[in-house]
Amino acid sequence: MRKEKSPMLGTWQNVYILIIVVLVATMFLLQALTQYYK
Amino acid sequence: MNIIDWLVLCLTIAGIIIYGIYKSRNTKSIETFLLADRQLPWYHVGLSVMATQASAITFLSAPGQGFSDGLRFIQFYFGLPLAMIVLCVTFVPMFSKLNVYTAYEFIEKRFDHRARYLTAFLFLLQRGLSTGISIYAPAIILSTILQININYTILLTGLLVITYTVYGGAKAVSYTQLIQMMVIFGSLFLAAYLCIHLLPQHVSFGKALQVAGKCGHMNAIDTKLDWNNKYNLWSGLIGGFFLQLSYFGTDQSQVGRYLTGSSVTQSRLGLVMNALIKIPMQFLILMIGVLVFVFYQFNKQPVFYNEAEVKRIEQSVYADSFNVLSKQYNQQLEDKKVYINKYLTATDNNDKQNYQVNFQALQQNADSTRKQITSLMKLNNKAADVNDSNYVFLYFLTHHFPRGVIGLLIAIIFLASMGSIASGLNSLASTTVVDFYKGAFKRKGTQKAELNISRWSTIGWGLFCIGAAFFASKMGNLIEAVNILGSLFYGVILGIFIVAFYLKWVQSTAVFIAALIAQVLVIIIWRYDVMAFLWLNVIGCLLVVVFSIILQLFMGKEASKQEQVTT
């Protein structure tokens with residue numbers, strides 16, 4: 001792969017945190033859906 | 001299918017293949033053939049990664065899974081976003097730094113050739129068989145539509161993909177996948193809309209979900225930890241994490257996709273895109289299956305969705321018994337429909353409760369009648385395929401969707417399948433040429449000669465996969481079959497990579513022996529059905545790591561020093 005300046009670690013960290021937040025929110029949402037229609 | 005459907009189907013498939021071939025017309029080197037010159041942007045990488053994972057199985061079996069089992073399969077994907085993070089942090093920069101063609105080259109650089117060939121061999125075995133199953137799925141469609149023997153349609157599907165993969169390599173794979181995914185996303189929304197639109201007028205979307213919920217189909221999350229339950233939150237998060245990490249981190253069909261990225265950043269962004277889109281996409285597909293289930297609560301449904309098996313029993317000596325059971329089954333469903341309608345219109349909570357108990361009891365009766373029917377099919381023909389979940393969506397599609405849309409949706413099922421088969425073949429060829437032809441046999445030739453070998457290797461693996469597809473009908477629900485097959489080998493392969501990345505003091509002999517023992521143990525655990533298959537990924541990985549540490553400690557530093565000298 002061609003070498004390219006990657007974003008600062010902080011930026012990537014934020015991306016990873018965003019992924020985790022979205023995952024957790026999705027799980028809560030699905031749990032609510034399961035309970036509501038039980 | 002009428003003439004409009006055929007036209008839409010043929011034009012969509014032909015157009016996309018011609019586009020892929022056109023974009024890859026300048027394939028003259030092995031670098032272009034195997035890695036598309038490592039020049040692709042992030043959205044190409046992301047869509048290609050998604051298209052590789054999403055095969056026809058995703059669009060046939062997943063709605064079938066939603067239809068028969070509800071939403072709980074969604075938990076299988078919870079580990080995926082976490083795996084993407086680990087890949088972005090560790091695997092992508094490492095593969096990039098070492099400038100490798102295949103993931104297994106890294107293993108030789110870290111350990112020795114034995115460990116590389118073992119991981120590459122396990123990959124070839126697993127991917128070859130899985131790609132065979134991927135060929136079988138679209139062949140079902142053709143066979144159902146054309147009413148011809150499935151063996152011919154397996155041959156046709158396999159040869160079609162081999163042709164463009166052999167010609168254009170990774171570039172053709174990636175460019176066709178880009179368009180395929182766009183068509184797929186559009187069509188999925190259209191299918192979801194039509195499913196809702198086809199529900200009876202008095203059944204709104206909310207009411208449809210209520211019915212699905214009361215029939216146990218809105219079971220998206222199960223928090224109870226049960227080792228034998230295939231899909232719950234924990235098996236999805238932990239087992240799924242190991243499976244996805246192994247699949248995306250060590251399976252060349254995926255590694256080969258993100259190695260086509262023009263930089264580490266582009267490859268990472270592609271994976272991040274996958275992390276964010278995958279779960280909503282799978283949810284949508286499963287929800288389509290659930291909506292089909294609700295649709296058939298208000299409309300006449302067939303006794304069995306695989307029409308070929310129905311025909312077979314109708315022409316057998318068991319025809320009379322089959323007709324009696326079919327009538328009984330239909331009557332039970334009719335009675336159930338009455339109670340569901342009463343349930344939906346009731347205002348009093350006690351009445352609602354009573355109607356619910358009634359239709360749930362009738363559902364159980366209908367299920368047991370259906371079991372008798374499938375037993376009858378088995379009695380008539382031992383080789384009968386009694387799992388019809390792969391046929392549910394196809395049946396619904398061909399019987400209830402408007403003209404033109406049927407052709408388009410069948411085209412996307414085909415395209416999805418072709419995308420993942422093409423990636424599979426390309427990765428099998430890469431591993432064979434890079435790890436065995438150039439690696440093990442130390443063969444070197446001109447660019448042209450190597451390109452030819454890559455193409456012949458693609459043809460060879462294509463034929464192997466077609467052979468494997470002939471046996472796929474014995475494997476039940478295909479999406480599960482593929483994942484069970486992966487889980488048997490992925491854990492061990494991942495274990496080798498984890499030791500390579502994080503346990504720098506462990507040497508090759510220790511990891512090699514550990515991997516062999518772990519692989520045998522995983523197969524034994526699976527054979528005796530000790531736990532649900534997703535956990536095999538965790539067990540396989542942990543066994544390799546633990547055995548490697550123990551063996552290295554046992555062999556001592558002297559052995560490792562000696563090894564370092566000799567390797």
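Within every chain, numbering begins at 1; the chains are lettered A, B, ... in the order of the sequence lines, protein sequences first and strands thereafter. Computed from heavy atoms alone, side chains included, the values below leave out hydrogens, waters and symmetry copies. Because the structure is predicted, anything quoted here is derived from the model rather than measured.
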Ranked by heavy-atom pairs below 4.5 Å to chain A, first place among B/Ile85, B/Leu276, B/Val89 goes to B/Ile85

Closest non-hydrogen contact found for A/Met27 with B/Phe78 is SD-CD1, 3.7 Å

| said: Measuring only between side-chain heavy atoms, which start at C-beta, is B/Ile279 closer than 4.5 Å to A/Val22? | reply: no

Distance col, row B/Ile221:CD1 vs A/Leu30:CG, nearest 0.5 angstrom, shows 5.0 Å

*For residues A/Tyr16 and B/Leu82, determine if any side-chain heavy atom of one lies less than 4.5 Å from a side-chain heavy atom of the other.*
no

Item to complete: Decide yes or no for A/Trp12 and B/Thr265: does some side-chain heavy atom of the first lie under 4.5 Å from some side-chain heavy atom of the second?
Response: yes

Okay, B/Val211 and chain A: the region with an atom under 4.5 Å from a heavy atom over there is neither

If one checks every heavy atom of B/Leu98 against chain A at 4.5 Å, the contacting part turns out to be neither

Treating A/Thr34 as the side-chain partner and B/Asn219 as the backbone partner, does any N or O pair qualify as donor plus acceptor under 3.5 Å?
no

ask   = Is the number of heavy atoms from other residues, nucleotides or ligands under 6.0 Å of B/Tyr339 OH greater than 12?
value = no

#### Entry: Under 3.5 Å: donor-acceptor pair, side chain of A/Lys38, backbone of B/Gly213
no

Please check if the number of heavy atoms outside B/Lys97 that lie under 6.0 Å from its NZ is greater than 12. no

CE (B/Met218) and CG (A/Leu33) are apart, to the nearest 0.5 Å, by 4.0 Å

**Request:** For the residue pair B/Leu80 and A/Leu23, establish whether any side-chain heavy-atom pair is separated by less than 4.5 Å.
**Result:** no

